[in-house]
Every structure is written in structure tokens, then in C-alpha cells.
Amino acid sequence: MPKPAKSSAETRAIMKKLERQHPNADTELHYSNPYQLLVATILSAQCTDERVNQVTPALFKRYTTARDYARADAAELEEQIRSTGFYRAKTRSIIAMAKGLVEKHGGEVPRSRAELVALPGVGLKTANVVLGNAYGGQAIAVDTHVFRVTQRLGLARSDDPDEIHDQLSDVLPQKEWTFTTHLIQAHGRRCCFARKPLCPACPIRTLCPWPGKTKIR
């Protein structure tokens with residue numbers, strides 16, 4: 001596995017600046033319990049949190065437990081989540097995940113990473129979102145924003161999200177993992193866009209080694 005591109009001290013300096021810029025950074029998915037967050041996170045793949053939040057109120061009213069999803073009609077669920085994209089694959093994942101919860105955990109969302117990632121449709125990122133937010137643990141969730149921003153900042157270096165997770169785990173204090181995830185996600189949503197990032201207004205531009213920085217015109 002490649003070594004992180006920056007030291008722990010350099011990484012913490014970047015995070016301090018991001019915290020000043022995004023002091024209230026938090027997950028943007030709306031949920032009331034661990035199961036709702038698990039479903040919302042599956043829906044958020046290749047979709048904005050804003051769009052997911054438009055879909056989930058009706059969804060959570062229709063399906064209130066894992067057993068409801070496990071018994072769901074696939075065609076009906078597909079229509080309800082169609083606007084989030086990849087709706088057929090997401091429907092399969094949600095129903096399979098729900099069946100796994102019912103069969104192995106009595107319909108309850110487990111609190112361990114190993115048990116979460118063993119569920120169909122649940123990868124490391126999704127498991128860590130649940131652990132870090134619904135259960136108040138410390139976990140780094142490498143979504144598209146974390147993957148992009150950390151690469152640009154030189155905080156980690158890999159084409160594999162799981163390797164980026166491991167590199168960030170090595171240089172960030174464990175007590176800050178969840179909030180750090182929120183900070184990087186907030187920066188990706190508000191400044192470090194995939195296309196045309198706002199580099200001239202970025203509070204950490206002088207610490208960023210990315211050669212593709214945009215300029216004031």
C-alpha cells in the first residue's frame with residue numbers, strides 16, 4: 001500500500017483551516033434512526049444527498065422496518081427511488097440488505113463494522129457512515145468527495161477508496177475521524193468541486209499541491 005503523501009502534522013494543519021471554514025460540517029442525509037441512515041446511504045451512491053433527501057420522506061413513511069423492505073415489491077420500490085439513479089441495483093441491494101438484517105440480526109442494524117460489511121449491498125463506506133453518525137463512533141467514510149479532495153490535497157494517494165481510508169486512518173487522530181470526514185465532504189460540496197473548483201477562494205489553496213488549480217480570470 002502506498003504511504004500517505006503528507007505527514008500527520010501537515011494533515012492536521014489542513015484540517016484546522018477546514019474547520020474554521022466549515023465549523024458546522026455534518027452529514028447532510030436526513031434520518032431518524034440507524035436503519036434510515038443505512039438505506040439513505042445506499043441511495044446516495046452516484047447521487048446527491050439533496051436528491052436522496054427529497055426521496056426518503058415518502059420512502060420512510062411507506063417502509064418503517066427492515067421487515068417492510070425485506071417484503072417489498074421490487075417494482076414498486078424501484079419506482080419510489082428511480083430519481084436517485086441506478087434504481088434497479090439499489091433496489092436489489094436494499095431488499096437483500098433488509099433480508100440479511102432480518103435473518104441474522106432480528107431486523108436491527110448491528111454496531112460492528114464486520115457485521116455491517118457482511119450485509120449484502122453494504123461496503124466499508126456505508127458501514128462507516130452508519131457507525132460514525134447513527135452510532136456516534138469514529139469512522140472515516142470515503143465517498144466521492146473524500147476520494148477527490150484527499151487526492152488533490154495530497155492527504156492520501158491511491159486509486160482504491162479502501163486504501164485511502166487506511167492512509168487517512170494512519171495520519172488522523174481517531175477521535176476526529178467522523179468530523180474530519182464531514183469537513184472534507186463539506187469542502188468538496190462547497191468549494192473543491194469535481195469540475196471548476198473554486199481554488200482562488202479556497203482557504204487551503206497555499207497548502208494544496210494539486211497542479212490543476214483554477215485561477216482568477
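Side-chain atoms are counted along with the backbone in the values below, which use heavy atoms only and exclude waters and symmetry mates.
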Worksheet item: Which side chain to side chain donor-acceptor pair (under 3.5 Å) pairs, counting each pair once, include a residue from residues 147-156, with sequence neighbours left out?
Response: H145-R148

Worksheet item: So which pairs with a foot in residues 107-126 pass side chain to side chain donor-acceptor pair (under 3.5 Å), sequence neighbours left out?
Response: S112-E115, R113-N128

Is atom [atom1] of [X] surrounded by more than 12 heavy atoms (other residues, nucleotides or ligands) closer than 6.0 Å?
{"X": "D159", "atom1": "CG", "result": "no"}
{"X": "F86", "atom1": "CZ", "result": "no"}
{"X": "E76", "atom1": "CD", "result": "yes"}

Fill in: Residues forming a salt bridge (charged side-chain N to carboxylate O under 4.0 Å, His left out) with R189, sequence neighbours excluded
E28, D49

Worksheet item: Short question: side chain of Q138, backbone of W177 - any donor-acceptor pair under 3.5 Å?
Response: yes

Worksheet item: Is the backbone N or O of T65 less than 3.5 Å from a side-chain atom of D68, with the two atoms forming a donor-acceptor pair by type?
Response: yes

Fill in: Results of ring-ring contact (aromatic ring centres under 6.0 Å, His included) for Y69 - residues two or more places apart only
Y35, Y63

Discussion item. Just to verify, what does H187 make a ring-ring contact (aromatic ring centres under 6.0 Å, His included) with, not counting sequence neighbours?
Written reply: H22

Fill in: E19 bridged to K16 by N-O distance under 4.0 Å
no

Practice prompt. Could I get the full list of side chain to side chain contact (heavy atoms under 4.5 Å, CB included) partners for K213, not counting sequence neighbours?
Written response: C199, C208, W210

Fill in: Shortest non-hydrogen contact from T178 toward G132
CG2-O, 3.2 Å

